Amino acid sequence: MAEDKWSSATAVLRLATELIDGIQEGVNEEGFDDVRSIHGFAFARLSESPTTTVQLARHLGITKQGTSEMVTHLIERGYLTRSPDPTDGRASLLVLTDRGHACTGAARRAAAATVAVWEQRIPVDRRQDLHEMLDAVSIAGRLRPTW
C-alpha cells in the first residue's frame with residue numbers, strides 16, 4: 001500500500017515538473033525569454049494585488065536580499081514598477097506593468113496547453129474526471145516553489 005502512495009506522489013511531482021517546464025517553454029516562445037520559473041511564482045502573487053518586497057520574500061520563501069535582486073531584474077526588464085505604499089511611507093509597492101500582465105497571460109496559455117496534453121493521454125469520457133479529481137485533492141493556498 002505504501003508503494004502505491006509513493007507512486008502517486010512521484011506522479012504528482014512529475015506533473016508539477018512538466019507543468020513548470022511547459023509554462024517556461026511557452027513564455028519563452030511568446031518572447032519573454034528573460035524570465036525564469038521563480039519569476040512566474042512572483043507574478044502569480046503580484047497578479048492578486050501589489051505587494052512589498054518583504055511580503056513577496058515571505059510568500060516565495062526566499063531571503064529579502066534574493067527577492068530584492070529578483071525585483072531589480074524584473075524592474076529593469078519592464079515587468080514591475082515600484083510605487084509608494086499609501087499605508088507605510090517607508091515601503092514601496094511592487095506592481096505588475098502591462099508587460100508583466102502580458103507575461104502572466106502567456107504563462108496561463110502555456111499552462112492550459114500543458115494540461116491539454118495531459119487530457120490527450122486519457123480517454124475523452126474521463127477528462128472531466130481529471131479536472132474534478134485535481135480540484136478535489138488540491139487545497140487553496142499560496143502558489144510558490146518548493147525548495
Side-chain angles (χ1 to χ4, degrees), residues 5-122 126-147:
K5 290 181 182 179
W6 176 248
S7 176
S8 295
T10 301
V12 169
L13 291 171
R14 286 186 179 130
L15 286 173
T17 300
E18 189 176 337
L19 181 59
I20 291 168
D21 290 349
I23 292 170
Q24 186 66 47
E25 184 178 320
V27 298
N28 288 349
E29 287 174 359
E30 289 201 37
F32 303 102
D33 57 358
D34 53 355
V35 294
R36 298 185 322 268
S37 298
I38 183 67
H39 300 142
F41 289 101
F43 288 178
R45 169 60 185 88
L46 290 160
S47 292
E48 296 171 7
S49 64
T51 189
T52 66
T53 301
V54 171
Q55 292 166 333
L56 185 59
R58 190 176 309 120
H59 172 81
L60 295 173
I62 62 177
T63 65
K64 288 183 271 185
Q65 180 182 1
T67 304
S68 292
E69 290 174 15
M70 178 179 59
V71 165
T72 297
H73 172 86
L74 295 172
I75 288 173
E76 289 173 351
R77 285 153 184 82
Y79 293 100
L80 299 179
T81 60
R82 282 191 177 103
S83 64
D85 184 340
T87 63
D88 182 351
R90 300 166 295 158
S92 296
L93 291 176
L94 304 171
V95 180
L96 283 177
T97 63
D98 288 343
R99 180 170 168 78
H101 284 290
C103 185
T104 301
R108 287 186 178 127
R109 288 186 292 281
T114 301
V115 171
V117 170
W118 299 348
E119 290 175 334
Q120 297 303 312
R121 296 177 189 157
I122 58 178
R126 300 294 311 271
R127 292 178 185 170
Q128 185 61 35
D129 294 341
L130 169 69
H131 298 285
E132 290 172 5
M133 286 186 269
L134 289 172
D135 287 342
V137 298
S138 67
I139 300 170
R142 61 185 176 158
L143 183 61
R144 70 180 188 97
T146 54
W147 306 108

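Remember, predicted model here, so these are calculated numbers, not experimental data.
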Checking side-chain contact (heavy atoms from CB on, under 4.5 Å) between Thr17 and each of Asp21, Leu19, Leu15, which is the one that passes? Asp21
When rounded to the nearest 0.5 angstrom, what is the spacing between [atom1] in [X] and [atom2] in [Y]?
{"X": "Arg82", "Y": "Leu93", "atom1": "CZ", "atom2": "CG", "answer": "11.0 Å"}
{"X": "Phe41", "Y": "His59", "atom1": "CZ", "atom2": "NE2", "answer": "8.5 Å"}
{"X": "Thr81", "Y": "Arg99", "atom1": "OG1", "atom2": "CZ", "answer": "14.0 Å"}

What are the two closest non-hydrogen atoms of [X] and [Y], and how far apart are they?
{"X": "Ala110", "Y": "Gly22", "value": "CB-O, 3.6 Å"}
{"X": "Ser37", "Y": "Gln24", "value": "N-OE1, 2.9 Å"}
{"X": "Ile23", "Y": "Ala107", "value": "CG2-CB, 3.7 Å"}

Please walk me through it: do Arg109 and Glu29 pass side chain to side chain contact (heavy atoms under 4.5 Å, CB included)? CA-CA 11 Å; Arg109 288 186 292 281; Glu29 287 174 359; over 6 Å; no
Are Arg121 and Glu18 close enough, and set up right, to give a salt bridge (charged side-chain N to carboxylate O under 4.0 Å, His left out), and what steps lead you there? CA-CA 14 Å; Arg121 296 177 189 157; Glu18 189 176 337; 2.6 Å; yes
How far apart are the C-alpha atoms of Leu56 and Thr52, what are their side-chain angles, what is the distance that settles it, and do they pass the side chain to side chain contact (heavy atoms under 4.5 Å, CB included) test? CA-CA 6 Å; Leu56 185 59; Thr52 66; over 6 Å; no
Are Val35 and Leu74 side-chain neighbours, meaning at least one heavy-atom pair lies under 4.5 Å? yes
State, yes or no, whether a side-chain contact exists between His131 and Glu119 at a heavy-atom distance under 4.5 Å.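 A side-chain contact exists here, since the closest heavy-atom pair is under 4.5 Å.
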Tell me yes or no: between the side chains of Glu69 and Thr72, is some donor less than 3.5 Å from an acceptor? no
Donor on one side chain, acceptor on other, His73 and Arg77, under 3.5 Å: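 Note: His73 and Arg77 side chains meet the donor-acceptor criterion.
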I'd like to know whether Leu46 forms a side chain to side chain contact (heavy atoms under 4.5 Å, CB included) with Tyr79, so could you lay out the CA-CA distance, the side-chain angles of the two residues, the decisive distance to 0.1 Å, and finally the verdict. CA-CA 11 Å; Leu46 290 160; Tyr79 293 100; over 6 Å; no
Gln65 and Ser68: CA distance, side-chain angles, deciding distance, side-chain hydrogen bond (donor to acceptor under 3.5 Å, both in side chains) verdict: CA-CA 5 Å; Gln65 180 182 1; Ser68 292; over 6 Å; no
Please lay out, stage by stage, how Glu30 and Glu25 fare under the test side chain to side chain contact (heavy atoms under 4.5 Å, CB included). CA-CA 9 Å; Glu30 289 201 37; Glu25 184 178 320; over 6 Å; no
Backbone N/O of Ser49 and side chain of Arg45: donor-acceptor pair under 3.5 Å: yes
